[in-house]
Amino acid sequence: METIDIAVIGGGPAGLTAALYAARARAKTVVFESGLPGGQIVTTDWVENYPGFPDGLSGMALGDLMHKQAEKHGADFRSFAGVEKIEPADLDFKLTVDDEEVLARVVILATGAVPKKLDVPGEAEFTGRGVSWCATCDGALFRDKVVAVIGGGDAAIEEAIFLTKFASRVHIVHRRDELRATKCIQERCFENEKIQMHWSRVVKEVKGADGKVTGIELGATNGDPDELLPLDGIFIFVGIDAKSDLVTDLCDLDERGFVKIDHNGLTSYPGLYAAGDVTDSDLKQVVTAAAKGASAAFEALRYLDNRLCSI
Ligand code: NAP
């Protein structure tokens, strides 16, 4: 069975930075990624709050640079290699990857998160036929059309602004009467004439005909009557769910399913570290994912050294 020092699971900013630090310390480091390296940021049009890039850069470019840097320093990348299982094996971990087994001395979990669903009628039926979770992927399909963005956080408001490049009208539907998004993003949203706010509204149903979205039924959280909003597409950004299934039986999760870590990235299980959006850390940004990836790798290397010294 192949034996490695540090298995990094997930190739987003947290995993790529952990891999960079581990590989530079000459640990045998393998990044397992179920798709291609980059993580959620590759679906982000523009990143303008990652230090060192005053003009910003595309999420795709940032992911690519991080990947190249980790690879240049010796990290081994296994793309389209989803880890199916992690099992303790004495002090090590046995990973099942594409029906093969790999032994890792340490695991750094950086599997990230997936966008939440609304769980309303019509959402599943019209996914890919007007319902989307990725403005960068699908925005251009809605040139001169009318779309709605659901949510009031950073993702919803940034992506709504991005969609105004294509759509003739972008409705933002938010369940409260104030946004959660960062103030400077809010300012740009309120200045944009293509955006129309729908405060204190929730989606009750996605309506469609002939296999495509035709509108959404909105309910009010302030006592107003329900209304039907005709449109061509709906983009859902109502938060994220942790991709923590692999470690549910191994370490402690919080009540929302995010992996609990200490300030060094250690989970409740020895030798298992975690970083990035999969963890219970508050600030979910590229820069914090990268920083936490570095901390987790640093601690993982120290743990490995201590183990080797005590043999
Ligand atoms: P978020 O910050 O958790 O915001 C989710 C939004 O969806 C909130 O406005 C919430 O409303 C609303 N919502 C939640 N459940 C809903 C439901 N069932 N129906 C209707 N609305 C619902 O999530 P996010 O925007 O995806 O961001 C996730 C993390 O990534 C955050 O930490 C965020 O700061 C970070 N992020 C940062 C950037 C950036 O810095 N440029 C970009 C994207 C994401 P309430 O406000 O009423 O709770």
Side-chain angles (χ1 to χ4, degrees), residues 5-25 27 29-44 47 49-52 59-71 73 75-79 81-83 86 93 95 104 106-115 154-155 239-247 250-251 253-254 256-267 269 271-303:
D5 293 325
I6 299 190
V8 178
I9 308 181
L16 293 172
T17 311
L20 169 67
Y21 275 67
R24 287 189 76 235
T29 306
V30 177
V31 181
F32 297 96
E33 166 58 55
S34 55
L36 287 168
Q40 285 179 97
I41 47 161
V42 302
T43 64
T44 301
V47 179
N49 56 359
Y50 192 76
M60 182 78 85
L62 184 54
D64 191 45
L65 287 170
M66 287 184 170
H67 170 209
K68 284 194 177 119
Q69 194 173 2
E71 199 162 48
H73 286 283
D76 178 2
F77 280 81
R78 313 270 166 94
S79 297
V83 174
I86 307 175
F93 298 89
L95 309 185
V106 168
V107 169
I108 299 177
L109 187 81
T111 38
V114 284
D154 284 330
I240 52 177
D241 283 326
K243 283 167 74 176
S244 54
D245 297 5
L246 277 174
V247 297
L250 265 185
C251 65
L253 309 182
D254 73 8
R256 299 164 306 154
F258 289 83
V259 177
K260 286 188 179 180
I261 51 168
D262 71 5
H263 63 277
N264 293 322
L266 178 61
T267 69
Y269 194 92
L272 176 62
Y273 296 80
D277 284 3
V278 72
T279 70
D280 63 348
S281 306
D282 269 349
L283 191 59
K284 297 208 164 18
Q285 303 276 308
V286 184
V287 69
T288 48
K292 295 286 187 173
S295 288
F298 180 77
E299 285 303 314
L301 289 160
R302 195 146 66 172
Y303 167 82

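By convention here, the first residue in the shown sequence is residue 1.
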(request) Determine the minimum heavy-atom distance between Q40 and I240, stating which atoms define it. (result) OE1-CG2, 4.2 Å
(message) When you measure from the side chain of S295 to the backbone of G265, do you find a donor-acceptor pair of N or O atoms at a distance under 3.5 Å?
(response) no
(message) Under the rule for salt bridge (charged side-chain N to carboxylate O under 4.0 Å, His left out), what residues qualify as partners of E71, not counting sequence neighbours?
(response) none
(message) Could you report the tightest heavy-atom contact between V278 and A242, atom names first, then the distance?
(response) O-CB, 3.9 Å
(request) With rounding to the nearest 0.5 Å, note down the distance linking CG in L95 to CD1 in I86. (result) 6.0 Å
(message) I need the minimum non-hydrogen distance between A70 and A19, along with the two atoms involved.
(response) CB-CB, 4.3 Å
(request) Could you tell me the separation between the CG atom of L283 and the NZ atom of K292, rounded to the nearest 0.5 Å? (result) 9.5 Å
(request) For Y50, look at atom OH and say whether over 12 heavy atoms of other residues, nucleotides or ligands are found less than 6.0 Å away. (result) yes
(message) Show the nearest heavy-atom pair for residues L20 and Q69, with the distance to one decimal.
(response) CD1-O, 3.8 Å
(request) Might you point out which heavy atoms bring A22 and A297 nearest each other, and give the distance in Å? (result) N-CB, 4.1 Å
(message) Does R24 have more than 12 heavy atoms from other residues, nucleotides or ligands lying within 6.0 Å of its CZ?
(response) no
Side-chain donor-acceptor contacts of residues 5-17 below 3.5 Å, not counting sequence neighbours, with atom names and distances?
from : atom 1 : to   : atom 2 : distance (Å)
D5   : OD1    : R105 : NH1    : 3.1
D5   : OD2    : K28  : N      : 2.7
T17  : OG1    : P13  : O      : 2.6

(message) So E299 and L266, do their side chains get closer than 4.5 Å, heavy atoms only?
(response) no
(message) Can you tell me how far apart CG (L301) and CD1 (I108) are? Round to the nearest 0.5 Å.
(response) 7.0 Å
Can you give me every donor-acceptor pair (side chain of residues 59-68, partner residue at least two apart or in another chain, under 3.5 Å) with its distance?
from : atom 1 : to  : atom 2 : distance (Å)
D64  : OD2    : K68 : NZ     : 2.9

(request) To the nearest 0.5 angstrom, please state how far the OH atom of Y21 sits from the NE2 atom of H73. (result) 10.5 Å
(message) Using 0.5 Å steps for rounding, measure from the OH atom of Y273 to the OG1 atom of T279.
(response) 15.0 Å
(message) Show the nearest heavy-atom pair for residues F32 and V83, with the distance to one decimal.
(response) CB-CG2, 3.7 Å
(message) As an exercise, state the distance from CG of L272 to SG of C251, rounded to the nearest 0.5 Å.
(response) 5.0 Å
(request) Go through V247 and L109 one step at a time and tell me if the side-chain contact (heavy atoms from CB on, under 4.5 Å) criterion holds. (result) CA-CA 9 Å; V247 297; L109 187 81; 3.8 Å; yes
